[in-house]
Amino acid sequence: MSGHGPAQPMTSRRATPLKGIADIPGDKSISHRSLILGALAVGETKITGLLEGQDVLDTGRAMQAFGADVIQHGPGEWSVHGVGVGGFMEPQDVIDCGNAGTGVRLIMGAAATCDMTVTYTGDASLRSRPMGRITDPLALFGAQSYGRRGGRLPLTIVGAADPVPVQYTTPVPSAQVKSAVLLAGLGVRGETVVTEVEATRDHSERMLRGFGAEIETDVTKDGRVIHLQGQPELRPQVIAVPRDPSSAAFPVCAALIVEGSDILVPNIGLNPTRAGLFETLRDMGADLTYENAREEGGEPTADLRVRFSGDMKGIEVPPARAASMIDEYPVLSVVAANATGSTVFKGVKELRVKESDRIDAMARGLEACGVTIEEGEDFMIIHGLGAGGVPGGAVAKTHLDHRIAMSFMVAGMASKAGVGVDDAGPIMTSFPNFLPLMEALGGQFTRDNG
Ligand code: S3P
């Protein structure tokens, strides 16, 4: 789908102390990969805990267009009857990935080494995002791409009829780029090698191994070097999707800044390539503890216990941590506004090419709420006003970006005069139960158009 209907303006007023248990939906990254790898296996993959956000549903529909059977059996319970590596059929229509950068980029990779022509599109946000970072390495396999100026969607890829294996170093730290190359490598006889200088989320590698691919990661002085043998027979899996740390970030950060809060966020995935936010919050002085740490489905998990932390201090976030918390900077900037002193984000230019330009969206919205911000191409500094010190009283523009919408809803919860968002609709892409979940904890939200 392209767009989500009429805008849904909403206001978040100062919340009552947050109390209770926050049940977070399934991990978005792992949900996309479960459907795509399920479609590339021969036989039935069974999935529980699948995120039923619009992004993932769009990926499910795309897998059906390529010939897999994707069936819902109950809430979060799905099966995929896969067609096997090399078994994709040419879709009869354009593949519309809606708002999902992960969806479209991974699918482009998976289809690029199949002898077929596929056209991709998405909503206004996705159509503005760079795709050259994907089509450049796919060209090395022999796939040709024809997009709009700047390689933007809509974009047609003529898959390689006779693909060759590739050795590729990702030019930006991006799990989507790494994963697209690995998925393309599945369709090629021989070894595909991807090197990444900075570690990004490694769900693709873990899951490919789980599905039976021959894949190995060497940690070298040049970074992580991943070797994948092409044309494996992927075996269907039973997958329990862990809960999404990037979604957990919203109630966690809200509880830290709303006075009197004490919540439990059970069973959160703490893969080290994803957990940078929680370390950073603890460095700032957050009262955030891991209870019942364990391993589930090959991923480390724990229950997060979070209490209001009125004396958090601004810090410089280590740039080396950026990839492990790249989606969490928007909500961290809200915590930083409620901390004492300045918080510095460096090495974060990737934030400018997410669902929106997230540095610009957070800077403009926080400024309108009375927070002083400095920013440049790849940095942002938030001058904190201390606990409960953000005046608010503004309406933030969300630019079709779910995480910007949720971040400003969180900002409103600890603000003096409340914070509005021009459109809460995009929240459905990744966290469909965000509003009722936050309201049950103590959030005070009003829907502004009745
Ligand atoms: C994702 C990778 C990240 C992240 C996105 C999900 C993934 O994007 O921002 O939300 O599932 O691979 P980049 O690869 O652009 O960093």
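Count residues from 1 along the sequence. Read the numbers this way: they start at 1 and go in the same order the structure lists the ligands and their atoms.
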key: Lys/Arg N to Asp/Glu carboxylate O, Glu355 vs Arg403, below 4.0 Å   = no
inquiry  = Distance alone, cut at 3.5 Å: any donor-acceptor contact between the side chains of Ser145 and Thr135?
reply    = no
message = Under a plain distance cut-off of 3.5 Å, with no hydrogens placed, do Thr398 and Asp423 share a side-chain donor-acceptor pair?
response = no
query = In terms of the angle between their ring planes, are Phe278 and Tyr290 parallel, tilted or perpendicular, with boundaries placed at 30° and 60°?
reply = perpendicular
ask   = Measuring from each atom of ligand 1, which residues have a heavy atom under 4.0 Å away?
value = Ser29, Arg33, Thr102, Pro173, Ser174, Ala175, Gln176, Arg201, Ile326, Asp327, Lys354, Arg403
Report, one line per pair, each donor and acceptor closer than 3.5 Å where one atom sits in a side chain of residues 263-276; sequence neighbours left out.
unit_1	atom_1	unit_2	atom_2	d
Asn267	OD1	Arg294	NH2	3.1
Asn271	OD1	Thr273	N	2.8
Asn271	OD1	Thr273	OG1	2.6
Asn271	ND2	Asp202	OD1	2.9
Asn271	ND2	Glu299	OE1	3.0
Thr273	OG1	Asp202	N	3.4
Arg274	NH1	Asp27	OD1	3.3
Arg274	NH1	Asp27	OD2	2.8
Arg274	NH1	His203	NE2	2.9
Arg274	NH2	Asp27	OD2	3.3
Arg274	NH2	Asp244	OD1	2.9
Arg274	NH2	Ser246	OG	3.0

inquiry  = Please determine whether a side-chain nitrogen of the Lys or Arg among Lys349 and Glu377 lies less than 4.0 Å from a carboxylate oxygen of the Asp or Glu.
reply    = no
